[in-house]
Amino acid sequence: MPAMTGSRLFAEMMRGYGVTHIFFVPAFMLKSFAEMEDMPIARLMVHGEKAAAYMADGYARVSGRPGVCMAQMIGASNLAAGLRDAYMAGAPVIAVTGGPSPASRYRHAYQEVDDIAQFDVVTRMNAVVDHVTRMPDLVRQAFRVATSGAPGPVHLRMQGHLGQMTEQEAELEPLAEPDYARAPAHRPEPEARRVATALAVIAAAKRPVIVAGGGVVRSRAQAELVAFSEKLGIPVATSLNAKAVLPDAHPLNVGVPGAYARDCANRVLAEADLVFFVGSHTGGQVTNNWVFPRPGTTVVQLDIDPAELGRNYPNTASILADAKSGLARLIAAAPSPGSAWVDWTRRAQAIVAEWRAANAEMRDAEVVPMRPERVCRDISLALPASGIVVSDTGHAGIWTARFIELEQPTQGYFRAAGSLGWAFPAALGVKCAAPGRPVVCFTGDGGFYYHIAELETARRHGINVVVVVNNNSALNQEIRLNDAAYGGRQRGRAEEMWRFPEVDFAKIAEGFGCAGIRVEKPGELAGALGRAFSLDRPVVVDVVTDTYAIAPHPWTPTGRDFHSYQKT
């Protein structure tokens, strides 16, 4: 084996795995970055470790390749906080930080806290690299774990606050394993008897529904999911992570169910007598805290992770498989059902049509201040055929779940798994991974404030995303919560807890050297979005909306709202 430094080894292994971007806050492993000078690896210095993790997360979700983020030891806690969303969403992210050395431990070294344990709960692997000779095998293991099975983040801690251990020289081989350069690294096939059992259970149902989860997107099994649902004629509800699995106008698409939902999707699930979860954790959001499907509903589940099979619902049939390979086997084995579920499909379509009719007025509203429904409508109409929407959590997630319409199978959608402020940095990572595709970030003013400094990063690196800010001068999702806290009606200084002063984000964007467009009337938005897509610059479209346009609670069978359901 050749003699080389750990710095050179790391650079060579990143190249070997096809890493194209590294998101970092200095100063850490600088000699590795210097070794990358003549390699096709972009080194993106950003303004916060949490934002770096979010960028790596967005990069990983759209590409399937592990996103790499790095920070020195003092920034490790911020990086760990940023991995929370990637962990919840199952994104393959590799985080690398510095750590204590034997000579400094227990001596109050500057900036030293032994914080390795904080990564345990947000990673699938958390390893200390305590000698340069362990770098090759542990870097390889990091890529294996990040991309195998249900993907997720991993963490490597290099010895030394700034990773100084990596500057040591030893006999090292920079061997990379291309099979683990992208998730899913393996596509386990289902057992034939499990496929036959699942199909028999589905065939016995009268009102079956498929719920497609984020695993369908991670597996790139969109075409198989559509083909399976079309062959059997079964309605499909998509989790928010799987919103782009099939076009909104598809006759079998009933929308996003759960807590961030279209009412029609929840109503269809409430009437279903069988639900087939594909690549879904069956978690609290997609089921509105396990209200849908109702207890006693027959459940079939396909997942790549055996620990997920039957976790939240007793399964009548379970299939352990990758979503793409599992659905392919189901398609091959499934008979065409003829008219088995024609009446049920028509019923589901009628529910969807009723919901659309009930919400048409708000989608087309010409009121000032603008309604978020209208903002989502115009984004849908303006989104290019290859466009990607990146949505924040909270009201941004609810509005996009309900009113963003993806009409092309080539369009994409990614959303925060729960961290407000995720969307803007993540959109930058998405654009880095897919530079030829238009990327729209939808966030509120509250979410945009988190990492607004990354406008400078976008300008410096030419990351030309379009950021649409639903600017209602508030964290207006908190209005109802504060009403309840005050016993029904707020008083005194209550607004201090959720309201912001009016700010023109278009002017802020221009101050950062980006383009800014202010929109105050509904008729202006379509033109503003068209112009934003044509500028080939980072653009902020600041849309002034109604402070009191509050996203509705999800539909439930009894009409009780989400918060009351949490108590039952």
Side-chain angles (χ1 to χ4, degrees), residues 50 81 84 258-263 266 284-285 288-289 291 358-359 361-363 365-376 391-403 415-424 442-452 468-508 518-522 540 542-568:
K50 199 175 178 185
R84 187 181 186 119
Y260 289 11
R262 289 182 178 172
D263 295 347
N266 283 349
Q285 189 174 68
N288 194 20
N289 280 358
V291 172
N359 287 274
E361 181 179 356
M362 286 293 96
R363 277 180 53 84
E366 294 286 344
V367 297
V368 176
M370 289 180 63
R371 294 285 309 186
E373 298 97 323
R374 174 59 185 266
V375 179
C376 290
S391 173
D392 236 322
T393 191
H395 272 186
I398 299 172
W399 291 125
T400 57
R402 292 174 69 89
F403 295 109
R415 62 94 183 193
S419 304
L420 187 61
W422 173 90
F424 174 44
F442 183 83
T443 185
D445 47 334
F448 194 37
Y449 276 125
Y450 270 78
H451 302 290
I452 198 169
V468 178
V469 181
N470 177 34
N471 185 359
N472 52 32
S473 299
L475 290 170
N476 80 339
Q477 193 173 15
E478 315 304 320
I479 292 175
R480 283 177 176 160
L481 298 177
N482 280 281
D483 286 343
Y486 276 84
R489 184 174 182 179
Q490 297 179 41
R491 60 182 174 80
R493 295 179 291 110
E495 289 190 359
E496 292 177 354
M497 294 185 284
W498 55 266
R499 184 182 279 281
F500 301 126
E502 293 185 9
V503 169
D504 186 334
F505 288 100
K507 290 183 178 178
I508 291 175
R518 177 89 161 177
V519 174
E520 297 180 340
K521 299 178 181 178
V540 173
D542 182 28
V543 187
V544 181
T545 59
D546 184 354
T547 301
Y548 295 93
I550 300 174
H553 290 311
W555 179 90
T556 60
T558 62
R560 291 183 293 177
D561 66 25
F562 176 62
H563 300 293
S564 65
Y565 256 79
Q566 288 181 308
K567 300 173 185 176
T568 61

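- Partners of Phe442 under the ring pair (Phe, Tyr, Trp, His ring centres under 6.0 Å) rule, at least two apart in sequence or in another chain, do not exist in this structure.
- The backbone N or O of Asn472 lies less than 3.5 Å from no partner atom in the side chain of Glu502, so there is not a single donor-acceptor pair.
- At distances below 3.5 Å, not a single donor-acceptor pair connects side-chain atoms of Asp542 with backbone N or O atoms of Asp504.
- When atom types are taken as modelled, the side chain of Arg374 and the backbone of Met362 share no donor-acceptor pair closer than 3.5 angstrom.
- Between the side chain of Asp445 and the main chain of Gly447, no donor-acceptor pair closer than 3.5 Å is present.
- Side-chain atoms of Asn476 come within 3.5 Å of backbone N or O of Ala549 as a donor-acceptor pair.
- With Arg415 contributing its side chain and Ser391 its backbone, the two residues share no donor-acceptor pair below 3.5 Å.
- Looking at residues two or more places apart in sequence or on another chain, you find no ring pair (Phe, Tyr, Trp, His ring centres under 6.0 Å) involving Tyr450.
- A distance-only check finds no donor-acceptor pair linking the side chain of Tyr260 to the backbone of Gln285 [under 3.5 Å].
- The ring pair (Phe, Tyr, Trp, His ring centres under 6.0 Å) test applied to Phe500 returns Tyr449, not counting sequence neighbours.
- Around CD of Glu366, the count of heavy atoms belonging to other residues, nucleotides or ligands within 6.0 Å exceeds 12.
- With hydrogens and angles ignored, the 3.5 Å screen pairs no side-chain donor or acceptor of Asp392 with any backbone N or O of Leu420.
- In this structure a side-chain-to-backbone donor-acceptor pair under 3.5 Å is missing from Asn288 to Val291.
- Defined by atom type and a distance below 3.5 Å, a donor-acceptor pair is missing between the side-chain atoms of Asn470 and His395.
- Within a 6.0 Å radius of CZ in Arg84, other residues, nucleotides and ligands contribute 12 heavy atoms or fewer.
- Side chains of Met370 and Lys521 form no contact here, defined as non-hydrogen atoms less than 4.5 Å apart.
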